[in-house]
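Comments concern the structure below.
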Amino acid sequence: MRIAIFGDIHANLEALEAVLEDARAQGTTDYVCMGDIVGYNADPAACLEIVKEMNCPVIKGNHDEDASGEHSLESMNPVAAAALEWTRAQLSEEQRQWLRRLRMVRQVADFTIVHATLDQPANWNYVTNRFDAMSNFSYQFTQLCFHGHTHVPRVYVKSDKVHEVPAESIAIEPNSKYFINVGSVGQPRDGDWRACYAIYDIDHNLVVFRRVEYDIKKTQEKILAAGLPEMLAERLADGR
Ligand code: ZN
């Protein structure tokens with residue numbers, strides 16, 4: 001069984017379609033979505049409908065929560081807040097309700113999924129180093145846990161201690177635990193503009209990261225046409 005694990009789509013339809021096409025070509029049969037389907041880019045409703053139709057396990061991201069709530073966005077950075085205001089107006093009540101009902105943590109097959117961290121999923125903490133990863137491992141009861149949120153693909157391994165290994169091709173060893181950030185489909189921030197996701201090959205104990213080119217010009221044009229902050233179009237090309 002080969003499972004495509006993808007998230008932080010952020011309303012980037014061209015990137016989502018490219019990733020799903022790549023995943024099919026790679027022989028994946030199952031899909032898991034790590035949340036943040038909406039926010040930032042110009043196609044929140046279309047991306048939501050695609051993921052909803054896939055009927056796969058999905059967990060809630062902070063942008064899904066903010067876009068489906070009615071609370072004030074004042075404390076948020078102005079660019080993200082402007083995009084979320086716009087996103088709220090694009091979604092139907094039914095779509096917002098679907099987002100609101102997503103769960104924070106799920107177990108799928110033999111692994112766990114969470115958008116941010118397992119220790120306090122609703123606090124949306126960022127895992128940027130092995131010390132952050134350590135707090136997560138205390139709450140991780142499956143060998144593998146996949147997450148997202150930082151938009152940077154990373155792999156933390158806990159054997160006798162916690163260390164980081166390059167996010168490329170990971171052979172899962174029996175006596176270690178893995179906390180794996182699958183990167184971002186729609187707004188990567190590791191300096192590579194291409195859409196990022198991972199494939200978990202359960203039969204071969206292997207996790208492989210994939211980078212996929214998409215029609216970024218089209219995505220940028222839609223962002224500008226929607227009147228969203230220009231910076232959101234620019235950052236896509238920089239992968240930041
Ligand atoms: Zn995100």
Side-chain angles (χ1 to χ4, degrees), residues 4-16 19 32-48 50-51 57-69 71 73 75-88 90-91 95-96 98-100 102-106 113-118 120-128 132 136 145-154 167 179-198 209 211-212 214 216 219 223 228-229 231-236 238-240:
I5 305 177
F6 65 102
D8 290 287
I9 298 154
H10 287 294
N12 186 335
L13 180 62
E14 290 70 34
L16 175 61
V19 158
V32 169
C33 178
M34 307 299 301
D36 271 6
I37 299 165
V38 302
Y40 293 127
N41 301 312
D43 280 306
C47 290
L48 187 152
I50 288 176
V51 175
V58 185
I59 39 157
K60 187 188 282 184
N62 51 315
H63 284 255
D64 304 322
E65 179 167 276
D66 287 334
S68 60
H71 54 280
L73 303 170
S75 61
M76 194 176 274
N77 90 61
V79 171
L84 274 166
E85 278 304 348
W86 182 88
T87 300
R88 279 180 177 177
Q90 306 301 309
L91 299 174
Q95 290 168 331
R96 284 197 297 271
W98 185 82
L99 288 175
R100 271 197 295 275
L102 294 175
R103 281 149 58 185
M104 291 284 188
V105 181
R106 287 184 69 159
I113 52 173
V114 65
H115 185 69
T117 65
L118 287 174
Q120 287 176 307
N123 279 8
W124 311 114
N125 296 327
Y126 291 92
V127 177
T128 57
D132 300 335
N136 178 84
C145 175
F146 294 95
H147 71 128
H149 196 41
T150 63
H151 300 198
V152 176
R154 278 184 194 279
F179 185 42
I180 300 176
N181 191 317
V182 296
S184 169
V185 170
Q187 196 196 72
R189 295 181 192 158
D190 61 340
D192 183 341
W193 68 273
R194 297 171 301 166
C196 184
Y197 76 104
F209 286 82
R211 298 307 288 240
V212 185
Y214 68 93
I216 187 173
T219 309
I223 291 167
L228 285 161
M231 178 255 191
L232 291 174
E234 288 162 10
R235 72 186 298 176
L236 288 181
D238 299 335
R240 295 286 170 201

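One-based numbering, in listed order, for ligands and for the atoms of each. All values below were derived from every heavy atom in this structure, side-chain atoms included, with hydrogens, water molecules and symmetry-related copies excluded. For reference, positions follow the sequence shown, starting with 1.
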T219 and N41: CA distance, side-chain angles, deciding distance, side chain to side chain donor-acceptor pair (under 3.5 Å) verdict: CA-CA 8 Å; T219 309; N41 301 312; over 6 Å; no

State yes or no: are the ring centers of W86 and Y40 separated by less than 6.0 Å?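 When the ring centroids of W86 and Y40 are compared, they turn out to be at least 6.0 Å apart.
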
Exam field: side chain D64 to backbone D36, donor-acceptor pair closer than 3.5 Å: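 Such a contact is found between D64 side chain and D36 backbone.
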
Exam field: side chain R194 to backbone G239, donor-acceptor pair closer than 3.5 Å: no

Identify the heavy atoms of N12 and G186 that sit nearest to each other, and give their distance.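 Smallest heavy-atom distance, with atoms named: ND2-O, 3.2 Å.
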
Side chain to side chain donor-acceptor pair (under 3.5 Å) involving H147 - partner list, sequence neighbours excluded: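 For H147, no residue satisfies side chain to side chain donor-acceptor pair (under 3.5 Å) once neighbours in sequence are set aside.
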
Polar protein atoms (N, O or S) that approach the Zn ion (ligand 1) to under 2.8 Å: D8 OD1, H10 NE2, D36 OD2, H151 NE2

